[in-house]
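First comes the structure, then the notes that go with it.
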Number of protein chains: 2
Amino acid sequence: MYSIGQVSKMFDLPIPTLRYYDKEGLFRDLEREPSGIRKFNDQSIEALRVIECLKKSGMQIKEIREFMDWCAQGDSTLEKRKEMFYQQRKEIKRQMEELQKTLDMVEYKCWYYDTACEEGSEKDLKKDFEKRMPEAIRQCFENAHR
Amino acid sequence: MYSIGQVSKMFDLPIPTLRYYDKEGLFRDLEREPSGIRKFNDQSIEALRVIECLKKSGMQIKEIREFMDWCAQGDSTLEKRKEMFYQQRKEIKRQMEELQKTLDMVEYKCWYYDTACEEGSEKDLKKDFEKRMPEAIRQCFENAHR
DNA sequence: TCTTGACCTAAAGTTAGGTTTAGGTTGTAC
DNA sequence: GTACAACCTAAACCTAACTTTAGGTCAAGA
């Protein structure tokens with residue numbers, strides 16, 4: 001059993017954020033002491049791990065709550081939950097591809113400014129950067145503009 | 001030269017978004033017709049490509065404006081701009097690592113629900129999923145929990 | 001001439017995901 | 001018995017990045 005302060009430190013999340021998640025219904029099974037103090041058990045900790053994961057993959061709080069609702073409903077929702085994770089996997093892979101394109105653009109810009117800094121000016125480079133691009137950078141450039 | 005409507009279609013961005021970017025000072029060189037209508041030239045188009053790239057890597061509008069200001073100031077800011085792209089490259093690589101961890105967690109969950117769906121219940125699986133995990137999934141699981 | 005479509009502005013509104021504030025309770029150490 | 005830390009709630013506030021609204025200009029075609 002963990003207090004909200006302990007969980008806050010474990011996950012490096014502010015206490016009000018944990019309360020906010022609770023208010024939004026993300027901890028279905030959260031117990032309380034008679035005085036009203038929250039008690040996080042291993043299930044809540046695992047839930048929080050899943051919450052963090054789904055948030056990082058771009059899911060909204062209300063979608064995460066829906067998932068938590070499904071969990072609470074038991075085995076009848078197993079297929080739905082499975083589908084959700086398969087879709088999320090697809091979504092993450094899409095994000096990775098997009099991020100790779102962004103990185104390609106940034107790699108090109110790094111080369112561009114490296115060269116411009118060496119020359120002390122970007123005037124000449126601006127004119128025919130395409131001709132002067134090394135092959136590795138050309139590929140980044142082309143990928144980034146597609 | 002392109003109208004705001006053409007640019008909107010080219011980049012699949014709403015017209016008010018382009019106006020908003022302009023108001024925020026993201027197009028330093030944007031020309032206007034005497035009547036006030038915006039004319040996007042190749043420079044503005046290239047600027048928009050950079051804006052999209054920097055936004056995708058998580059940069060804020062005001063940081064992007066600062067970069068555009070540097071561009072307008074000429075060669076004296078080349079080092080700053082180079083530094084910015086190097087830092088952004090680092091940031092994107094960090095994001096990719098994080099996304100990989102998220103994917104690992106989701107891969108584990110896909111396996112979990114695959115197995116649970118086959119059995120029609122997650123009761124048994126919940127008890128000793130660690131013992132039953134295939135080696136490939138175990139690695140995802142461990143990575144995701146680090 | 002009148003209507004239509006594409007553009008303009010300023011200002012108000014929206015949304016998600018928190019964060020802050022104000023005021024109150026509880027349990028333990030001195 | 002009082003001070004202190006750690007918890008609680010409800011409600012107001014905040015921020016970024018748009019989006020919508022309301023009202024207006026302008027050029028071309030019927």
Side-chain angles (χ1 to χ4, degrees), chain A residues 1-27 29-41 44-45 47-69 88 91 95 98 102, chain B residues 1-27 29-41 44-45 47-69 88 91 95 98 102:
Chain A
M1 289 295 185
Y2 310 92
S3 72
I4 198 166
Q6 288 174 307
V7 177
S8 162
K9 273 166 203 155
M10 280 167 65
F11 283 84
D12 198 26
L13 284 173
I15 291 176
T17 301
L18 293 170
R19 293 208 185 103
Y20 166 70
Y21 287 172
D22 186 23
K23 211 178 74 185
E24 291 299 308
L26 265 44
F27 302 116
D29 57 330
L30 202 68
E31 288 169 67
R32 301 272 191 141
E33 282 179 28
S35 61
I37 289 178
R38 291 176 182 80
K39 294 191 292 181
F40 291 77
N41 59 22
S44 334
I45 299 296
L48 189 47
R49 234 191 284 280
V50 174
I51 291 165
E52 290 266 83
C53 163
L54 294 177
K55 270 183 53 59
K56 278 176 188 165
S57 71
M59 228 186 215
Q60 279 167 244
I61 300 283
K62 55 182 171 186
E63 295 175 297
I64 300 176
R65 176 178 42 211
E66 193 175 25
F67 169 73
M68 293 302 176
D69 288 348
Q88 218 52 28
E91 168 61 15
Q95 285 177 35
E98 191 173 298
T102 306
Chain B
M1 290 295 185
Y2 309 92
S3 71
I4 199 167
Q6 288 173 307
V7 177
S8 163
K9 273 165 203 156
M10 279 169 65
F11 282 84
D12 199 26
L13 284 172
I15 291 175
T17 302
L18 293 170
R19 293 209 186 103
Y20 166 71
Y21 286 171
D22 185 24
K23 212 178 74 185
E24 291 300 307
L26 264 44
F27 301 115
D29 57 330
L30 202 67
E31 287 171 66
R32 301 273 191 142
E33 282 180 27
S35 61
I37 289 178
R38 291 176 182 81
K39 294 191 292 180
F40 291 77
N41 59 22
S44 333
I45 299 296
L48 189 46
R49 234 191 285 280
V50 174
I51 291 165
E52 290 265 83
C53 164
L54 294 177
K55 271 183 52 59
K56 278 176 189 166
S57 70
M59 228 186 214
Q60 279 167 244
I61 299 285
K62 55 181 171 186
E63 294 175 298
I64 300 176
R65 176 179 42 213
E66 194 175 24
F67 169 74
M68 293 302 177
D69 289 348
Q88 219 50 27
E91 167 62 14
Q95 287 177 34
E98 191 174 298
T102 306

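Letters A, B, ... are given to chains in the order of the sequence lines, protein chains preceding strands, and every chain is numbered from 1.
- Between A/Leu30 and A/Ser44, the shortest heavy-atom distance links the atoms CD1-OG, 3.8 Å.
- Atom CD1 of B/Ile15 is separated from atom C1' of D/dT19 by 13 Å (rounded to the nearest Å).
- In this structure, A/Glu24 places its CD atom 13 Å from P of C/dT19, rounding to the nearest Å.
- Atom pair A/Tyr20:OH and D/dC8:C1' shows a separation of 19 Å (rounding to whole Å applied).
- Atom NZ of A/Lys23 sits about 12.0 Å away from atom CD1 of A/Ile61, to the nearest 0.5 Å.
- Between atom CD of residue A/Glu52 and atom CD1 of residue A/Ile64 there is a gap of 9.5 Å, rounded to the nearest 0.5 Å.
- Relative to the side chain of B/Lys55, the nucleotides C/dC8, C/dT19, D/dC18 differ in distance, and D/dC18 lies closest.
- When the side-chain nitrogen and oxygen atoms of A/Ser35 are compared with OP1 and OP2 of D/dC7, none of them lie within a distance under 4.0 Å.
- Side-chain atoms of B/Ile37 and B/Ser3, non-hydrogen and from C-beta on, never get closer than 4.5 Å to each other.
- Checking C/dC8, C/dT19, D/dC7 against every side-chain atom of A/Ile37, the shortest atom distance belongs to D/dC7.
- Distance from the side chain of A/Tyr21 is smallest to C/dG18 among C/dC7, D/dC7, C/dG18.
- Whole-Å rounding puts the A/Arg19 CZ to D/dA12 C1' distance at 16 Å.
- Contact annotation: A/Arg32 does not reach the phosphate of C/dT26 (side-chain N/O to OP1 or OP2, under 4.0 Å).
- Side-chain atoms of B/Ser3 lie closest to C/dC7 of the nucleotides D/dC8, C/dT20, C/dC7.
- Atom-to-atom, CG of A/Asp22 to P of D/dA10 comes out at 11 Å; the value is rounded to the nearest Å.
- Nearest-nucleotide assignment on DNA chain C puts the 5′-proximal partner with A/Pro14, out of A/Pro14 and A/Glu33.
- Listed nucleotides: D/dT9, C/dT19, D/dC18. Nearest to the side chain of A/Thr17: C/dT19.
- In this structure, NZ of A/Lys39 is placed 16 Å from C1' of D/dC8, rounded to the nearest angstrom.
- With DNA chain D read from its 5' end, the first of the two nearest nucleotides for A/Gly5 and B/Lys23 is the one closest to A/Gly5.
- Nearest nucleotide to the B/Gln60 side chain, out of C/dT19, D/dA16, D/dT20: D/dA16.
- Of the candidate nucleotides C/dG18, D/dT19, D/dC18, D/dT19 has the atom lying nearest to any side-chain atom of B/Pro16.
- Classification of the B/Phe27-B/Phe40 ring pair by plane angle, with boundaries at 30° and 60°, yields perpendicular.
- In this structure, A/Leu18 places its CG atom 16 Å from P of D/dA6, rounding to the nearest Å.
- Side-chain N/O atoms of A/Arg38 include none lying less than 4.0 angstrom from OP1 or OP2 on D/dC7.
- As a whole-Å value, the separation of B/Ile51 CD1 from D/dA17 C1' is 14 Å.
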